[in-house]
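Here the structure is laid out as structure tokens; the discussion comes afterwards.
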There are 2 protein chains.
Amino acid sequence: MGRMVGIKDVARHAGVSVGTVSNVINHPDMVSPQTRARVQTAIDRLGYVRSESARQLRAGLSRIMALLVLDMGNPFFVDVARGAERAAREAGLGVMVCNSAQSPSEEAEYLSLFAEQRVRGVLITPADGSGNNLASFARHGIPFVLVDRQTIDDTTCSVAVDDVAGGALAARHLVSAGHTTIAYVSGPGHLQQVRDRREGALRALAEAGLPPESLVELPTERLDVAAGRDAGSRLLGLRPSVTAVFCANDLLALGVLQSLFAAGVHVPGDLALVGYDDIEFAAAAAVPLTSVRQPAVTMGRMAAELLLEETGPDAEQHRHRNVLLQPELVVRDSSLTPR
Amino acid sequence: MGRMVGIKDVARHAGVSVGTVSNVINHPDMVSPQTRARVQTAIDRLGYVRSESARQLRAGLSRIMALLVLDMGNPFFVDVARGAERAAREAGLGVMVCNSAQSPSEEAEYLSLFAEQRVRGVLITPADGSGNNLASFARHGIPFVLVDRQTIDDTTCSVAVDDVAGGALAARHLVSAGHTTIAYVSGPGHLQQVRDRREGALRALAEAGLPPESLVELPTERLDVAAGRDAGSRLLGLRPSVTAVFCANDLLALGVLQSLFAAGVHVPGDLALVGYDDIEFAAAAAVPLTSVRQPAVTMGRMAAELLLEETGPDAEQHRHRNVLLQPELVVRDSSLTPR
DNA sequence: AATTATTTGTGAAACGATTCATTGAAGTGA
DNA sequence: TCACTTCAATGAATCGTTTCACAAATAATT
């Protein structure tokens, strides 16, 4: 691998100064057309590519924003990444997508990597409930935006979805279809989302004059398909008093669906099913899944835009905002009212 | 955002020279324990984080390897990313995962981004059939490894899975279950994978003494669930002469499954179904999907390891290798022999 | 023609780390 | 005490850009 050609080589080859070459690249209109063309041919001929690290060193910060998510296996986060990526590219930034896999220590490692890289900013769904990782990261002065998490204070921006509203949407839908006892396949109790969605469901039940006992909770260890499968088999015993199931997550719902199907329980005939997130595979299930759609792509995009505003040219007039997006119920076969 | 603290600030604060601070970080045993401790406290006190860009500028190349995949919405590639990430981190490198979305122009953009970043190397599943993008990228002298693609020559490393063998596995399985007319839901004809899997299937049929017409091809525009749904409805007309379906991809198979289910066609009773990739959602389908498992994580890991070898300290003795991994049939309910 | 603007191009000083030849001090053996 | 080695620490050069004050040449105005 021979020595990389630098701006100096181009300058020599074109018979101009390095400053001029730099101008051709960054401020083309400051250079006369003739020299511009001459420099350009030199660039092409030599195959010159500018060194991002040198540029960065000078600029003080990089043209990369980081996105740290909880689980890249979950299509929900893939969508978030898509949205962020699009917004970032429009602004000429790249996105470095990383996966903390819910581990606070991995999260910490990535955060210090980001600090070393002097990334423009970080979009993060925290894995560390204590907030220690974020607190120590904040000391570097690199801005970050919380994704899929709310903040009370105004020290950072955040973009989240109203999970209480989402839970209410799901439960209201089931109640209005005549269900009076609903199972809630929840996830790990320490997750705010899981709690909020339950809270929403309870509210909807209360609205309809149903007691809290109408919601039967089935906790799970994790928010994945396997946990759903497990919950599904536990569900079988709750029939027939339970006639509908609300899952904290589509992955869980898919697992539940599979269990029910294997047991010969018909969805929605015997048991109505509602998921959450509306990932692509929800619509693709054998019985298309009713789900609460999270505007994941929008969330990613808005988070990126907030960060861009905070780090952009008019950063001064930036005020931290806590955006709360509204979810939307997508009704499909899995919750159709049986006749 | 105040000025970043640099190595100089640490040096001043600890009363030593910059060289010494650098040594504390990079060659701790060259520094006496006392000064080392003094410098360390200064580092902690000031919250110093070294600038990766400065380090890179000096070193000439970065500590990042790039991974450019075709579709981050496909869990197969998410697994590839996982494998690559793990191997890279073990070597102290970060991975930048990017999505060309099958678009040659996006691919080109990313490749030039990688060149600017002077990434250590690139793992890529090419989107550009012509090979032009890669050819021009190769001129930068940055090594790359082909993922999920074979190479004939020995100018690069590659890691792929034997698709002919995979196609044969699937077809042989169906034939041995007594099926004599099989539909092949293929994808875009220009994809080598799609062609190889058909080739394998044809071979298996020939082995069993069946004519090539036993394989009925249903082409699709894309390798996703929607295309599968569409193929599924086209399939309905082919019954009952066709008794089994082999899909080039699990996403297609899930779409097919959904169509069949909606039409009241029983799987595997009326129609046996086999997918390809064995993504997580294949096992999670209502009727768990028989699928040809691709060692995706292994593929990502091996690709990364080949790259590390090629760019590592003993790069001299590196010989390009073309690794061909073997797929494996995972039999589940969707192809159980009906009684 | 003299003065003032305008347009192009120059070259040196950053940016923040690493490296390496060199110095200074302390220790060793004769 | 002198020469010699060993161990620590130094400081300047370097990496490849961008920026900016300045010079030179050209055009516009009086």
Side-chain angles (χ1 to χ4, degrees), chain A residues 1-40 42-43 46-63 92 113 115-120 140-142, chain B residues 1-40 42-43 46-63 113 115-119 140-142:
Chain A
M1 187 165 53
R3 213 183 94 283
M4 283 278 174
V5 311
I7 206 171
K8 265 189 228 159
D9 304 288
V10 177
R12 194 172 330 116
H13 198 269
V16 297
S17 73
V18 291
T20 302
V21 177
S22 175
N23 282 334
V24 168
I25 299 170
N26 302 295
H27 312 281
D29 32 310
M30 284 193 150
V31 181
S32 78
Q34 302 94 295
T35 23
R36 200 191 309 162
R38 207 144 40 90
V39 170
Q40 195 56 56
I43 287 179
L46 298 178
Y48 165 75
V49 183
R50 81 170 150 215
S51 156
E52 180 63 23
S53 46
R55 175 202 246 271
Q56 249 174 243
L57 175 57
R58 189 87 228 296
L61 41 73
S62 82
R63 282 158 49 227
L113 181 69
E116 286 192 2
Q117 305 258 9
R118 304 283 194 271
V119 295
R120 189 68 133 274
H140 298 313
I142 298 177
Chain B
M1 184 165 55
R3 215 183 91 283
M4 283 277 174
V5 310
I7 205 171
K8 264 188 231 162
D9 304 287
V10 176
R12 194 172 332 116
H13 198 268
V16 296
S17 73
V18 290
T20 303
V21 178
S22 175
N23 281 335
V24 169
I25 299 169
N26 303 294
H27 312 282
D29 33 310
M30 282 192 153
V31 181
S32 77
Q34 302 94 295
T35 24
R36 200 190 312 161
R38 208 145 36 91
V39 171
Q40 195 58 55
I43 287 179
L46 297 178
Y48 165 75
V49 183
R50 81 172 150 210
S51 154
E52 180 63 22
S53 47
R55 177 205 246 272
Q56 252 177 238
L57 175 58
R58 190 90 228 295
L61 41 72
S62 82
R63 281 158 49 226
L113 181 70
E116 286 190 0
Q117 305 260 7
R118 304 282 193 274
V119 295
H140 299 313
I142 298 177

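Every chain is numbered from 1 and lettered A, B, ... according to where its sequence line falls, protein lines coming before strand lines.
- Residue B:Val10 is classed as having no contact, given no heavy-atom separation below 4.0 Å to the nucleic acid.
- Between B:Glu116 and A:Arg55 there is no side-chain heavy-atom pair separated by less than 4.5 Å.
- Per the geometry, CD belonging to A:Gln56 stands 16 Å off C1' belonging to C:dA14, to the nearest Å.
- Checking D:dT10, D:dT17, C:dC15 against every side-chain atom of A:Leu57, the shortest atom distance belongs to C:dC15.
- Spacing between atom CG of B:Asp29 and atom P of D:dT6 amounts to 17 Å, rounded to whole angstrom units.
- Contact between the side-chain N/O atoms of B:His27 and the OP1/OP2 oxygens of C:dT19 is found at a separation under 4.0 Å.
- For A:Ser51, no side-chain nitrogen or oxygen approaches OP1 or OP2 of D:dG16 to under 4.0 Å.
- Using a 4.0 Å cut-off, no side-chain N or O of B:Ser53 falls inside it from OP1 or OP2 of C:dG16.
- In the interface, the side chain of A:Arg58 is paired with the base of D:dT18 through a donor and an acceptor atom under 3.5 Å apart.
- Between B:Arg118 and A:Val49 there is a side-chain heavy-atom pair separated by less than 4.5 Å.
- Distances from the side chain of B:Asn23 to the nucleotides D:dG16, C:dA17, D:dT10 place D:dT10 closest.
- The distance between atom CG of A:Asn26 and atom P of D:dT17, rounded to the nearest whole Å, is 11 Å.
- When the options B:Asn26, B:Thr35, B:Val16 are evaluated for a side-chain contact (heavy atoms from CB on, under 4.5 Å) with B:Val21, the one that passes is B:Val16.
- If you check C:dA17, C:dT10, D:dT18 against the side chain of B:Arg55, the one that comes closest is C:dA17.
- Of the residues near DNA chain C, A:Met30 and A:Val18, the one whose nearest nucleotide (by heavy atom distance) lies more toward the 5' end is A:Met30.
- Among the protein residues, A:Thr35 comes within range of the sugar-phosphate backbone only, with heavy atoms under 4.0 Å from sugar or phosphate atoms but none that close to a base.
- Atom CG in B:Leu46 sits roughly 15 Å away from atom C1' in C:dG16 (whole-Å rounding).
- Using a 4.0 Å heavy-atom cutoff across all strands shown, A:Ser22 reaches at least one base atom of the nucleic acid.
- Under the 4.5 Å side-chain criterion, counting only non-hydrogen atoms from C-beta, A:Arg63 is in contact with A:Glu52.
- Looking at heavy-atom distances under 4.0 Å, B:Val21 makes no contact with the nucleic acid at all.
- Going from atom CD1 of B:Ile25 over to atom P of C:dG16 covers 14 Å, rounded to whole Å.
- In this structure, OG on B:Ser51 lies 6.0 Å from CG on A:Leu57, to the nearest 0.5 angstrom.
- Rounded to whole angstrom, the span from the OH atom of A:Tyr48 across to the P atom of D:dG16 amounts to 10 Å.
- When rounded to the nearest whole Å, the span between CE of B:Met4 and P of C:dG16 equals 10 Å.
- In this structure, B:Ile7 atom CD1 and D:dA12 atom C1' are separated by 14 Å, rounded to whole Å.
- Looking at which nucleotide of DNA chain D each of B:Gly15 and A:Ala59 is closest to, the 5′-most match is held by B:Gly15.
- For the pair B:Arg118 and D:dG16, the criterion of a side-chain N or O lying under 4.0 Å from OP1 or OP2 is not met.
- Across all strands shown, B:Thr20 has heavy atoms under 4.0 Å from base atoms, whether or not it also approaches the sugar-phosphate.
- To the nearest 0.5 angstrom, A:Met4 atom CE is 5.0 Å from B:Ile142 atom CD1.
- Checked against D:dA8, C:dG9, C:dG16, the side chain of A:Val31 finds its nearest nucleotide in C:dG9.
- Nearest to the side chain of B:Ala54, among D:dG16, C:dA17, C:dG9, sits C:dA17.
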